[in-house]
Each structure stands twice: as structure tokens, then as C-alpha cells.
Amino acid sequence: MKNIILFGPPGSGKGTQSAKLAEAFELLHISTGDIFRNELKNETPLGLEAKKFIEKGMLVPDEIVIGMLSDYLDKMLEKKPAGFIFDGFPRTIAQAEALDTLMKEKGMNIDLVLALEVDEPELVRRIKGRAETSGRVDDMDEDTIRKRIEVYRNETEPVAGYYEKQGKLYRVTGRGGIEHIFEELSGAIRSL
Ligand code: AMP
């Protein structure tokens with residue numbers, strides 16, 4: 001199995017690249033943001049609880065995210081995938097530790113963490129562009145966008161160091177065309 005994390009700030013292209021990589025390498029794409037948006041669309045208790053945080057640009061509390069991810073992973077394992085690509089998870093050190101424990105329990109591990117690096121003005125520009133079609137409540141106003149980037153810097157960026165210590169981090173500049181970045185990410189996966 002190949003299990004990969006696509007890491008990076010909001011607007012860095014994680015969703016786009018994860019979907020392309022999942023298809024190319026036959027991996028199952030797990031996006032915690034997409035799971036929450038789906039729960040919200042169906043107005044489930046989990047979706048409605050998550051909405052309170054998402055619309056403010058804050059992280060959903062760890063215990064909610066970890067519990068949800070664990071259940072989802074069990075369901076996805078029934079499909080006997082060639083591996084997973086995690087998009088938007090883990091976003092805190094506590095989530096990274098919980099993921100290590102979960103993977104170990106299931107006889108798996110994380111092989112590679114691909115980190116997309118994009119500067120803040122470009123992130124804001126991209127998310128504002130995306131807002132015109134995404135319909136996402138958290139893409140709509142600049143304050144929420146900047147809050148999400150700040151939360152990323154404070155709570156999520158340290159997760160890169162966590163994987164760097166494990167020798168699993170591979171940094172890629174997230175500027176340039178989608179295909180060019182995809183080739184670079186693909187190369188890193190192929191060299192596993
Ligand atoms: P995303 O689609 O990955 O940008 O996620 C959208 C929003 O969902 C985030 O801004 C958070 O509010 C919430 N979310 C998604 N994944 C996580 C996570 N791993 N931990 C906490 N909150 C999350």
C-alpha cells in the first residue's frame with residue numbers, strides 16, 4: 001500500500017492535485033473538508049456541528065475530526081484500495097499522532113508527505129477566484145480567508161516539522177501550472 005498526505009495551506013491546490021494523483025495512482029482520496037461539506041449538505045448532526053467552526057475559518061475540534069476519520073477509514077478499507085491520499089488531514093499535531101496510531105493498528109503507515117508551498121498573496125487571490133464557483137461559505141469574505149491562513153500558520157504548519165523529523169516530508173513549490181506541479185508530485189510518488 002502507498003499512503004500519502006498532501007499538505008499545504010488553503011488555496012495551495014491540495015484538492016485539485018489530490019484528485020489527479022488519486023486517479024493516476026489508483027489511490028482513494030480522503031478529504032476531510034469534502035466529508036464535512038457532504039455531511040452539511042445532508043444536514044446531519046456532524047455536519048451542523050462542523051459548520052459552526054467552518055464558517056468562522058476555524059478548525060473543527062480534533063476529537064470530532066479524528067473520530068470521523070477513523071470511521072471513514074474503516075469503511076474505505078472494505079474497498080481494499082492500493083492506498084490512500086489524505087487531503088486536509090492531519091491539520092494539527094494531535095491529528096498526526098492519532099493518524100500514526102490508527103495506521104499502526106490497521107497494519108499500515110504513511111509513506112510520504114508532499115507539502116505544497118505557496119505565498120499568502122497568491123493564496124488569497126486563488127481562493128477569491130474559486131469563491132465565484134465553489135459556493136463554499138468559507139471562501140466568501142476576505143476576513144475568513146485570512147483567518148484560515150492564520151490558523152494554518154499557527155496550528156497546521158508545525159505538522160510539516162512532525163513529518164520532517166520522520167524523514168517523510170517532500171516540499172514542492174505550488175506555483176506554476178497544474179500539470180507542471182502534478183508531474184513533480186507524481187515523480188516523488190514514483191520514486192517511493
Ligand atoms: P478544506 O476543504 O480542507 O479547506 O476544509 C474546509 C474546512 O473544514 C476547514 O477550514 C476546517 O474548518 C474544516 N476541516 C477540514 N479538515 C479538517 C481537519 N483535519 N481538522 C479540522 N478542521 C478541518
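The structure displayed is predicted, hence computed values, not measured ones. Counting convention: from 1, in listed order, for ligands and their atoms alike.
Checking Tyr163 against Asp100 by side-chain atom types alone, no donor-acceptor pair falls below 3.5 Å. Under the 3.5 Å distance criterion, with hydrogens and angles disregarded, a donor-acceptor pair is assigned to the side chains of Glu39 and Thr44.
The 4.0 Å heavy-atom shell around ligand 1 contains residues Thr32, Gly33, Phe36, Arg37, Ile54, Met58, Leu59, Val60, Val65, Gly88, Phe89, Arg91, Gln95, Arg136, Asp138, ordered by chain and number.
When all heavy atoms of Leu27 and Lys2 are compared, the closest pair comes out as CD2-O, 3.6 Å. The heavy-atom pair separating Ala96 from Pro90 by the smallest distance is N-CB, 3.4 Å.
Using a distance-only test at 3.5 Å, with no hydrogens or angles considered, a donor-acceptor pair links the side chain of Gln95 to the main chain of Arg91.
Between the CG atom in Leu169 and the OH atom in Tyr162 there is a gap of 13.0 Å [rounded to 0.5 Å].
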